[in-house]
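Each remark here refers to the structure printed beneath this line.
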Amino acid sequence: MTGTLVLAGTPIGDVADAPPRLSKELAEADVIAAEDTRRLRRLTQALGVTPGGRVVSYFEGNESARTPELVEELRGGARVLLVTDAGMPSVSDPGYRLVAAAVEHDVLVTAVPGPSAVLTALALSGLPVDRFCFEGFLPRKAGERLSRLRENADERRTLVYFEAPHRLDDTLAAMAEVFGADRRAAVCRELTKTYEEVKRGPLADLAAWAAEGVRGEITVVVEGAPESGPEELDAGELVRRVRIREDAGERRKEAIAAVAAEAGLPKRVVFDAVVAAKRSAG
């Protein structure tokens, strides 16, 4: 019998948000893999729980090396609990490698749902939440950051990013440049903590605000790209497009129908513009 890998969400701020099952798993797991063992100690003390199993570190620096060790524990029947500093393991935190390896070896993987900065920020942002995508942290280098943002420029779903406080002003300025100064956004700071703050407004305004300096854990929520509506064309432009098609060999009826479809207008509107232009020409 193989063991079980348990991914446990931990509080992103207020320790009272810890799910009740977390205490039970901490007490009963054979192995606890923690992103920071010191922070785990503070968490267990706050919860009044004594870890029942062996505690090992599992962070970005040793994730590759430690994963095979944990998989062997799982294959031997151990119950391995994975916790990160805050939020859900593998969401911009260690965990993906271990989950993938466990799945590959047919080990049962389950979760203790818990607080999520992504979902909390979305809910508080005031922006549409029916469809969204999470982009994690943007690249640190300015050129790479702009390139990634340009990839997201036409994304219609609400966008969620994590960002370090010392890079926030540059990131918001880059977003205003790529997405447009008036694109709505929300900067969510220190979620569930004492100094929680949600700053909402156009990207340009938020960039100016962040230039003064911002501290704490940051999640940025950005409105998706607007849907492109029918192109607004005046009568002269409609006539010009019909003539181009006629010069290319299309019959006038077909040219009018095609231009009307392109502009999202009734054929009668384009037809009337063509007739009026013909009368004006004498």
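Just the heavy atoms: all of them, side chains too, but no hydrogens, waters or symmetry mates, feed the values below.
- A distance-only check finds a donor-acceptor pair linking the side chain of Arg145 to the backbone of Arg140 [under 3.5 Å].
- Surrounding CZ of Phe137 are more than 12 heavy atoms belonging to other residues, nucleotides or ligands, all under 6.0 Å away.
- Formation of a donor-acceptor pair under 3.5 Å by the Asp30 side chain with backbone atoms of Arg79 is found in this model.
- With hydrogens and angles disregarded, a donor-acceptor distance shorter than 3.5 Å links the side chain of Arg183 to the backbone of Glu223.
- The salt bridge (charged side-chain N to carboxylate O under 4.0 Å, His left out) with Glu246 is formed by just one residue from the set Lys253, Arg252, Arg241; it is Arg252.
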Starting from the C-alpha separation in whole Å, work towards a yes-or-no answer on side chain to side chain contact (heavy atoms under 4.5 Å, CB included) for Glu163 and Leu172.
CA-CA 10 Å; Glu163 190 50 281; Leu172 290 170; over 6 Å; no
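- A side-chain donor-acceptor contact under 3.5 Å links Arg189 to the backbone of Arg215.
- No path of Ile, Leu, Val, Met, Phe, Trp and Tyr side chains, each step under 4.5 Å between heavy atoms, connects Leu124 with Leu122, placing them in separate hydrophobic clusters.
- A distance-only check finds no donor-acceptor pair linking the side chain of Arg75 to the backbone of Val107 [under 3.5 Å].
- With Glu177 contributing its side chain and Ala173 its backbone, the two residues share no donor-acceptor pair below 3.5 Å.
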Please evaluate residues Asp272 and Arg268 with respect to the criterion salt bridge (Lys or Arg N to Asp or Glu O under 4.0 Å), reporting the C-alpha separation (whole Å), side-chain torsions for both, the decisive distance (0.1 Å), and the verdict.
CA-CA 6 Å; Asp272 288 346; Arg268 167 58 65 179; 3.2 Å; yes
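- Of the charged side-chain nitrogens involved, none lies within less than 4.0 Å of a carboxylate oxygen, so that Arg148 and Glu144 do not count as a salt-bridged pair.
- In this structure, the side chain of Thr10 engages the main chain of Thr84 through a donor-acceptor pair within 3.5 Å.
- Cluster annotation: Leu265 is connected to Val274 through the hydrophobic network of ILVMFWY side chains, with a link wherever side-chain heavy atoms come within less than 4.5 Å.
- For Ser147 (side chain) and Gly143 (main-chain N/O), no donor-acceptor pair under 3.5 Å exists by modelled atom type.
- With Asp17 contributing its side chain and Pro115 its backbone, the two residues share no donor-acceptor pair below 3.5 Å.
- Of the possible polar contacts, one joining the Glu190 side chain to the Glu217 backbone as a donor-acceptor pair under 3.5 Å is found.
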